[in-house]
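These values consider heavy atoms only, across backbone and side chains, with no hydrogens, waters or symmetry-generated copies. Sequence lines set the chain letters: A, B, ... in the order given, protein chains first and strands last, and positions in each chain run from 1.
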Amino acid sequence: MNKSDSRPHSVAMLLSRAEQLAGWSLAELAQQQGLEVPRDLRRDKGWVGQLLELALGASAGSKPEQDFPELGVELKTIPVDRHGRPLETTFVCVAPLTDTAGIRWENSNVRNKLSRVLWIPVLGEREIPPGERRIGQPLLWEPTAEEEHLLRQDWEELMELISLGRVQEITARHGQVLQLRPKAANSRAQTAAIGKDGEPIQTLPRGFYLKIGFTAALLARHFML
DNA sequence: GTTTGATCATGT
DNA sequence: ACATGATCAAAC
(Lines give C-alpha, C1' and ligand atoms only; values in the text may rest on other atoms or scores of the structure.)
Protein backbone atom coordinates (compact mmCIF):
# COMPACT_ATOMS: atom_id res chain seq x y z
CA MET A 1 0.00 0.00 0.00
CA ASN A 2 2.30 2.77 -1.21
CA LYS A 3 1.24 6.31 -1.98
CA SER A 4 0.56 5.81 -5.67
CA ASP A 5 -1.77 2.85 -5.26
CA SER A 6 -3.40 3.98 -2.03
CA ARG A 7 -5.11 7.11 -3.26
CA PRO A 8 -8.80 6.45 -2.58
CA HIS A 9 -11.13 7.02 -5.50
CA SER A 10 -14.23 7.38 -3.38
CA VAL A 11 -15.22 8.45 0.10
CA ALA A 12 -16.39 4.90 0.79
CA MET A 13 -12.96 3.55 -0.09
CA LEU A 14 -11.24 6.15 2.07
CA LEU A 15 -13.46 5.36 5.03
CA SER A 16 -13.00 1.65 4.53
CA ARG A 17 -9.23 2.04 4.58
CA ALA A 18 -9.35 4.19 7.69
CA GLU A 19 -11.52 1.57 9.41
CA GLN A 20 -8.97 -1.11 8.63
CA LEU A 21 -6.30 0.90 10.45
CA ALA A 22 -8.25 0.85 13.71
CA GLY A 23 -6.41 -1.22 16.28
CA TRP A 24 -3.00 -0.83 14.67
CA SER A 25 -0.15 0.60 16.74
CA LEU A 26 1.76 3.53 15.25
CA ALA A 27 4.93 1.37 15.25
CA GLU A 28 3.23 -1.20 13.04
CA LEU A 29 1.94 1.42 10.63
CA ALA A 30 5.28 3.23 10.57
CA GLN A 31 7.11 0.02 9.71
CA GLN A 32 4.69 -0.68 6.90
CA GLN A 33 5.23 2.84 5.56
CA GLY A 34 8.98 2.67 6.03
CA LEU A 35 9.17 5.45 8.61
CA GLU A 36 11.23 5.67 11.79
CA VAL A 37 9.32 6.09 15.03
CA PRO A 38 10.51 9.10 17.05
CA ARG A 39 11.31 8.61 20.74
CA ASP A 40 8.79 11.33 21.60
CA LEU A 41 7.01 14.06 19.66
CA ARG A 42 8.81 17.11 21.07
CA ARG A 43 10.61 17.68 17.80
CA ASP A 44 8.14 15.79 15.62
CA LYS A 45 4.82 17.35 16.52
CA GLY A 46 3.24 16.59 13.18
CA TRP A 47 4.54 13.04 12.88
CA VAL A 48 1.30 11.21 13.65
CA GLY A 49 -0.65 13.31 11.19
CA GLN A 50 1.94 12.82 8.46
CA LEU A 51 2.02 9.05 9.05
CA LEU A 52 -1.75 8.79 8.62
CA GLU A 53 -1.65 11.06 5.55
CA LEU A 54 0.87 8.72 3.96
CA ALA A 55 -1.08 5.59 4.89
CA LEU A 56 -4.36 6.95 3.54
CA GLY A 57 -2.92 8.54 0.42
CA ALA A 58 -3.57 12.17 1.26
CA SER A 59 -1.80 14.91 -0.67
CA ALA A 60 1.21 15.51 1.56
CA GLY A 61 2.57 18.90 2.50
CA SER A 62 0.22 20.59 0.12
CA LYS A 63 -0.66 24.25 0.16
CA PRO A 64 -4.31 24.25 -0.94
CA GLU A 65 -7.42 23.27 0.92
CA GLN A 66 -8.70 19.86 1.90
CA ASP A 67 -6.49 16.78 1.99
CA PHE A 68 -8.78 15.04 -0.52
CA PRO A 69 -10.13 17.89 -2.71
CA GLU A 70 -11.73 15.48 -5.16
CA LEU A 71 -13.62 13.84 -2.33
CA GLY A 72 -14.31 17.01 -0.39
CA VAL A 73 -12.73 15.52 2.70
CA GLU A 74 -10.28 16.95 5.24
CA LEU A 75 -8.21 14.46 7.26
CA LYS A 76 -7.57 15.16 10.95
CA THR A 77 -5.82 12.93 13.47
CA ILE A 78 -6.84 13.78 17.00
CA PRO A 79 -4.99 12.75 20.16
CA VAL A 80 -7.32 11.14 22.69
CA ASP A 81 -7.11 9.51 26.11
CA ARG A 82 -8.15 5.91 26.82
CA HIS A 83 -11.80 6.95 26.90
CA GLY A 84 -11.70 8.66 23.55
CA ARG A 85 -11.61 12.17 24.99
CA PRO A 86 -9.53 14.72 23.04
CA LEU A 87 -6.30 15.75 24.73
CA GLU A 88 -5.63 18.80 22.59
CA THR A 89 -7.45 21.50 20.66
CA THR A 90 -7.59 21.00 16.89
CA PHE A 91 -5.87 23.39 14.50
CA VAL A 92 -8.14 24.34 11.59
CA CYS A 93 -6.37 26.95 9.48
CA VAL A 94 -4.46 30.21 9.55
CA ALA A 95 -6.56 33.30 10.24
CA PRO A 96 -6.65 36.09 7.64
CA LEU A 97 -5.58 39.31 9.39
CA THR A 98 -5.74 41.66 6.42
CA ASP A 99 -7.94 42.13 3.34
CA THR A 100 -10.89 40.79 5.28
CA ALA A 101 -13.48 42.91 3.50
CA GLY A 102 -14.84 40.29 1.14
CA ILE A 103 -14.61 37.30 3.46
CA ARG A 104 -17.88 35.84 4.66
CA TRP A 105 -18.62 32.65 6.57
CA GLU A 106 -19.91 30.98 3.42
CA ASN A 107 -16.58 31.30 1.62
CA SER A 108 -14.28 31.10 4.63
CA ASN A 109 -11.44 28.63 4.98
CA VAL A 110 -12.82 27.49 8.31
CA ARG A 111 -16.15 26.48 6.83
CA ASN A 112 -14.53 24.84 3.82
CA LYS A 113 -12.11 22.80 5.92
CA LEU A 114 -14.76 21.71 8.37
CA SER A 115 -17.49 20.94 5.84
CA ARG A 116 -16.50 17.27 5.99
CA VAL A 117 -13.77 15.79 8.17
CA LEU A 118 -12.43 12.27 8.53
CA TRP A 119 -11.41 12.16 12.19
CA ILE A 120 -8.89 9.53 13.21
CA PRO A 121 -8.54 9.27 17.00
CA VAL A 122 -5.09 8.14 18.15
CA LEU A 123 -4.05 7.49 21.74
CA GLY A 124 -1.97 10.45 22.71
CA GLU A 125 -1.19 10.19 26.40
CA ARG A 126 2.36 11.40 26.87
CA GLU A 127 3.33 8.45 29.07
CA ILE A 128 2.73 6.12 26.12
CA PRO A 129 5.67 6.01 23.67
CA PRO A 130 4.59 7.08 20.15
CA GLY A 131 5.16 3.62 18.72
CA GLU A 132 2.87 1.99 21.25
CA ARG A 133 -0.03 4.36 20.67
CA ARG A 134 -3.02 2.78 18.94
CA ILE A 135 -5.23 4.05 16.18
CA GLY A 136 -8.93 4.24 16.93
CA GLN A 137 -12.14 3.89 14.95
CA PRO A 138 -12.46 6.72 12.38
CA LEU A 139 -15.42 9.06 12.09
CA LEU A 140 -16.54 10.75 8.88
CA TRP A 141 -18.18 13.90 10.17
CA GLU A 142 -20.21 16.75 8.71
CA PRO A 143 -21.29 19.52 11.07
CA THR A 144 -24.93 19.49 12.15
CA ALA A 145 -26.93 22.68 11.71
CA GLU A 146 -26.36 23.42 15.38
CA GLU A 147 -22.62 22.81 15.19
CA GLU A 148 -22.30 25.01 12.13
CA HIS A 149 -24.25 27.75 13.86
CA LEU A 150 -21.88 27.70 16.83
CA LEU A 151 -18.85 27.74 14.56
CA ARG A 152 -20.27 30.57 12.50
CA GLN A 153 -21.07 32.71 15.54
CA ASP A 154 -17.53 32.42 16.89
CA TRP A 155 -15.96 32.92 13.49
CA GLU A 156 -17.99 36.07 12.85
CA GLU A 157 -17.17 37.50 16.28
CA LEU A 158 -13.46 36.86 15.86
CA MET A 159 -13.37 38.13 12.29
CA GLU A 160 -15.17 41.30 13.29
CA LEU A 161 -12.55 42.04 15.94
CA ILE A 162 -9.80 41.37 13.40
CA SER A 163 -11.48 43.66 10.87
CA LEU A 164 -11.81 46.41 13.48
CA GLY A 165 -8.08 46.30 14.13
CA ARG A 166 -8.48 44.65 17.52
CA VAL A 167 -6.65 41.38 16.83
CA GLN A 168 -4.20 42.04 19.66
CA GLU A 169 -7.06 42.13 22.15
CA ILE A 170 -8.18 38.64 21.20
CA THR A 171 -7.24 35.79 23.54
CA ALA A 172 -7.96 32.07 23.41
CA ARG A 173 -10.87 32.72 25.78
CA HIS A 174 -12.96 34.30 23.06
CA GLY A 175 -15.43 31.97 21.37
CA GLN A 176 -17.45 29.02 22.61
CA VAL A 177 -16.18 26.35 20.24
CA LEU A 178 -13.69 28.13 18.00
CA GLN A 179 -10.71 30.06 19.34
CA LEU A 180 -7.90 32.19 17.92
CA ARG A 181 -4.37 31.40 19.11
CA PRO A 182 -0.77 31.96 17.97
CA LYS A 183 0.28 29.86 15.00
CA ALA A 184 3.94 30.56 14.35
CA ALA A 185 7.48 29.31 14.59
CA ASN A 186 7.87 31.34 17.80
CA SER A 187 6.62 34.44 19.57
CA ARG A 188 8.89 36.74 17.55
CA ALA A 189 7.23 35.88 14.24
CA GLN A 190 5.43 38.78 12.57
CA THR A 191 2.81 39.16 9.88
CA ALA A 192 0.71 41.99 8.50
CA ALA A 193 -2.54 42.92 10.20
CA ILE A 194 -4.96 45.82 10.63
CA GLY A 195 -4.33 48.42 13.35
CA LYS A 196 -6.85 50.28 15.50
CA ASP A 197 -7.00 53.21 13.12
CA GLY A 198 -7.11 50.99 10.08
CA GLU A 199 -3.38 51.35 9.53
CA PRO A 200 -1.08 48.40 8.70
CA ILE A 201 0.62 46.83 11.71
CA GLN A 202 2.81 43.80 12.37
CA THR A 203 1.61 41.13 14.77
CA LEU A 204 1.94 37.46 15.66
CA PRO A 205 0.37 35.12 13.09
CA ARG A 206 -2.81 33.45 14.43
CA GLY A 207 -4.77 30.34 13.64
CA PHE A 208 -8.28 29.07 14.31
CA TYR A 209 -8.55 26.08 16.64
CA LEU A 210 -11.49 23.91 17.72
CA LYS A 211 -11.82 23.77 21.50
CA ILE A 212 -11.72 20.38 23.20
CA GLY A 213 -15.35 20.46 24.30
CA PHE A 214 -16.53 20.75 20.70
CA THR A 215 -14.53 17.81 19.36
CA ALA A 216 -15.25 15.79 22.50
CA ALA A 217 -18.97 16.16 21.84
CA LEU A 218 -18.83 15.14 18.20
CA LEU A 219 -16.68 12.10 18.99
CA ALA A 220 -18.94 11.14 21.89
CA ARG A 221 -21.96 11.31 19.63
CA HIS A 222 -20.25 8.78 17.36
CA PHE A 223 -19.32 6.43 20.20
CA MET A 224 -22.88 6.36 21.49
CA LEU A 225 -24.34 5.18 18.19
C1' DG B 1 7.52 34.51 5.96
C1' DT B 2 3.53 31.08 4.98
C1' DT B 3 1.00 26.93 5.31
C1' DT B 4 0.96 22.16 6.13
C1' DG B 5 1.07 18.76 10.16
C1' DA B 6 0.23 19.43 15.20
C1' DT B 7 1.99 18.97 20.48
C1' DC B 8 4.65 21.09 24.13
C1' DA B 9 5.09 23.15 28.55
C1' DT B 10 4.25 26.81 31.60
C1' DG B 11 0.95 29.65 34.14
C1' DT B 12 -3.07 29.71 36.65
C1' DA C 1 -5.33 19.47 36.28
C1' DC C 2 -5.95 21.87 32.35
C1' DA C 3 -6.08 25.54 28.85
C1' DT C 4 -3.40 29.20 26.87
C1' DG C 5 0.36 30.90 24.67
C1' DA C 6 4.59 29.09 22.63
C1' DT C 7 6.88 26.13 19.84
C1' DC C 8 8.92 22.32 16.28
C1' DA C 9 9.76 20.53 11.41
C1' DA C 10 9.26 20.35 6.45
C1' DA C 11 8.12 22.18 1.95
C1' DC C 12 7.91 26.19 -0.61
Does a donor on one side chain sit under 3.5 Å from an acceptor on the other, for [X] and [Y]?
{"X": "A/T203", "Y": "A/Q168", "value": "yes"}
{"X": "A/T215", "Y": "A/T90", "value": "no"}
{"X": "A/W24", "Y": "A/Q32", "value": "no"}

Earlier contact from the 5' end, DNA chain B, for A/Q50 and A/R133: A/Q50
Upstream residue (5' side of DNA chain C) when A/R85 and A/K45 are each assigned their closest nucleotide: A/R85
Nearest-nucleotide comparison on DNA chain C, the residue closer to the 5′ end among A/Q179 and A/A185: A/Q179
[N] base / [X] side chain donor-acceptor hit below 3.5 Å:
{"X": "A/K183", "N": "B/dT4", "answer": "yes"}
{"X": "A/R42", "N": "B/dA9", "answer": "no"}
{"X": "A/Y209", "N": "C/dA3", "answer": "no"}

Figure out the [atom1]/[atom2] separation between [X] and [N], and round it to whole Å.
{"X": "A/K76", "N": "B/dG5", "atom1": "NZ", "atom2": "C1'", "value": "8 Å"}
{"X": "A/I212", "N": "B/dT7", "atom1": "CD1", "atom2": "C1'", "value": "12 Å"}
{"X": "A/L210", "N": "C/dA3", "atom1": "CG", "atom2": "P", "value": "14 Å"}
{"X": "A/F91", "N": "C/dG5", "atom1": "CZ", "atom2": "C1'", "value": "15 Å"}
{"X": "A/E53", "N": "C/dA9", "atom1": "CD", "atom2": "C1'", "value": "13 Å"}
{"X": "A/E127", "N": "C/dA1", "atom1": "CD", "atom2": "C1'", "value": "13 Å"}
{"X": "A/R173", "N": "B/dG11", "atom1": "CZ", "atom2": "P", "value": "14 Å"}
{"X": "A/F208", "N": "B/dT4", "atom1": "CZ", "atom2": "P", "value": "13 Å"}

A/V94 side chain, from C-beta outward: closest of C/dT7, B/dA9, B/dT4: B/dT4
Minimum-distance nucleotide (side-chain atoms of A/S187 versus C/dA6, C/dT4, B/dA6): C/dA6
NA contact type, [X], heavy-atom cut-off 4.0 Å: base, sugar-phosphate, or nothing?
{"X": "A/R126", "result": "base"}
{"X": "A/R206", "result": "nothing"}
{"X": "A/T89", "result": "base"}
{"X": "A/E74", "result": "sugar-phosphate"}
{"X": "A/G46", "result": "base"}
{"X": "A/R181", "result": "base"}

Audit row: A/T89, A/R181, side chain to side chain donor-acceptor pair (under 3.5 Å) steps and yes/no: CA-CA 10 Å; A/T89 51; A/R181 303 224 306 279; 3.0 Å; yes
Close side-chain approach of A/L56 to A/L21, heavy-atom, < 4.5 Å: yes
Below 4.0 Å: OP1/OP2 of B/dT4 and any side-chain N or O of A/K113: yes
A/R126 bridged to A/E88 by N-O distance under 4.0 Å: yes
